[in-house]
Visitor: 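Below: one structure in structure tokens.
What's counted below: heavy atoms across the whole structure, side chains too, no hydrogens, waters or symmetry copies. All ligand and atom numbering here is 1-based and tracks the order in the structure. Along the sequence shown, the residues carry numbers beginning at 1.
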Amino acid sequence: MLKTDGALLASRATRVLLAAERVLVTTGAGMSRESGIPTFRDALTGLWARYDPEELATEAGFRRHPARVFGWYAWRRRLVRAAVPHAGYHALVALERLVPSLAIVTQNVDGLHRRAGSRRVLELHGSLERFSCVDARHPFPGDAIPLPEADTECEPPHCPQCGSRVRPDVVWFHETLPERVTTEAWDLAASCQAMLVVGTSGLVHPAAQLPFIARDAGAMVIEVNPDPTEVSTAAHIVCRGPAGTILPALVAALREGEGEGARA
Ligand code: APR
């Protein structure tokens, strides 16, 4: 891992991205921070501060207190609806056009990558905008679910097919990740030439394995995060700073590089 000044790191990162045919971007809660979306742990504020995450993000917690859990996700959904993708998101959309093959694997359930215009997005932990019933996971239309005005408990609807309560289609603790998305994400990590790891602490598994899979498969790993993380040891290049600043700078340098016909 090289620890020198920002410019040198950015140019090293640019050269790596210019040389890569297949780039994989993995993002965590830090990617959404500058759009005002609290990270999972930050979201335990106000009405929700007195609840243990296990209470709000497990099936058992939902079955015990459906209105409490449903209300918390409805509140987060309202926050996300009001958020605007920052410059870092738009930089990733631009990057998609600058490199032959790019995909984004995100732990975030806020849908901001798609809202910014990214085309190939794999949501490992699901989405706040999708719903299904708790017993049989029958899909349930999101637009049939109102957004509460305040952060308050609200009763979930019932599934018209089996009658069980409707839950958000996010991955809760002790639940497995969606199989198709996971298989594709692991394949992409094992076959990319460069991985950008943005805004994740690397504490949540199995998503935290992706940078190490990429590194072990010979890819160059670039971390974008203001603070050191569990991923920093896997990174060849570490860009210490916020996603909303670093990503646009990388894309600007890449465009310059492209201009000089630097692509391998
Ligand atoms: N730009 C880039 N990174 C940032 C920024 C920023 N502006 N602000 C904070 N970060 C970094 C923090 O330094 C931290 O390393 O983002 C990371 C956020 O870490 P976590 O809150 O642990 O989020 P994440 O790694 O995504 O894990 C959260 O766990 O709770 C589950 O499913 C939930 O997807 C969620 C996952």
Visitor: Tell me the nearest of Pro226, Ser201, Pro228, Pro242 to atom 4 (C) of ligand 1, using heavy-atom distances.
Guide: Pro226

Visitor: So which of Val231, Leu247, Val198, Asn225 gets nearest to atom 15 (O) of ligand 1, if we judge by its closest heavy atom?
Guide: Asn225

Visitor: Report the member of Val204, Val170, Val224, Thr27 with the shortest heavy-atom distance to atom 28 (C) of ligand 1.
Guide: Val204

Visitor: When you measure from the side chain of Glu34 to the backbone of Gly244, do you find a donor-acceptor pair of N or O atoms at a distance under 3.5 Å?
Guide: yes

Visitor: Going by an N to O cut-off under 4.0 Å, is there a salt bridge joining Arg114 and Glu129?
Guide: no

Visitor: Could you report the tightest heavy-atom contact between Leu102 and Arg120, atom names first, then the distance?
Guide: O-CB, 3.9 Å

Visitor: So, applying side-chain contact (heavy atoms from CB on, under 4.5 Å) with Pro85, which one of Leu92, Val93, Leu112 is it?
Guide: Leu112

Visitor: Please determine if Thr229 has a nitrogen or oxygen closer than 3.5 Å to a nitrogen or oxygen of ligand 1.
Guide: no

Visitor: Between the side chain of Thr26 and the main-chain N/O of Val105, is any donor-acceptor distance below 3.5 Å?
Guide: no

Visitor: Does Gln107 approach ligand 1 within less than 4.0 angstrom via side chain, backbone, both or neither, non-hydrogen atoms only?
Guide: both

Visitor: Under a 4.0 angstrom heavy-atom cut-off, which atoms of ligand 1 come close to Arg33?
Guide: 8 (N), 9 (C)

Visitor: With a sphere of 6.0 Å drawn around CD of Glu179, does it hold more than 12 non-hydrogen atoms of other residues, nucleotides or ligands?
Guide: no

Visitor: Is there a polar contact between ligand 1 and Ala243, counting only N or O atoms under 3.5 Å apart?
Guide: yes

Visitor: Short list, please: which atoms of ligand 1 are under 4.0 Å from a heavy atom of Glu34?
Guide: 1 (N), 6 (C), 7 (N)

Visitor: Among Glu223, Glu230, His125, Glu123, whose heavy atom sits nearest atom 34 (O) of ligand 1?
Guide: His125

Visitor: Under a 4.0 Å threshold between the charged nitrogen and the carboxylate oxygen, would Asp169 count as salt-bridged to Arg137?
Guide: yes

Visitor: So between Gly28, Ser32, Gly199, whose heavy atom ends up nearest atom 18 (C) of ligand 1?
Guide: Gly199

Visitor: Numbering the atoms of ligand 1 from 1, which are under 4.0 Å from a heavy atom of Ala29?
Guide: 23 (O), 24 (P), 26 (O)

Visitor: Ligand 1 and Thr200, any nitrogen or oxygen pair closer than 3.5 angstrom?
Guide: yes

Visitor: What pairs meet the salt bridge (charged side-chain N to carboxylate O under 4.0 Å, His left out) rule with one or both residues in residues 220-236, with sequence neighbours excluded?
Guide: Glu223-Arg240

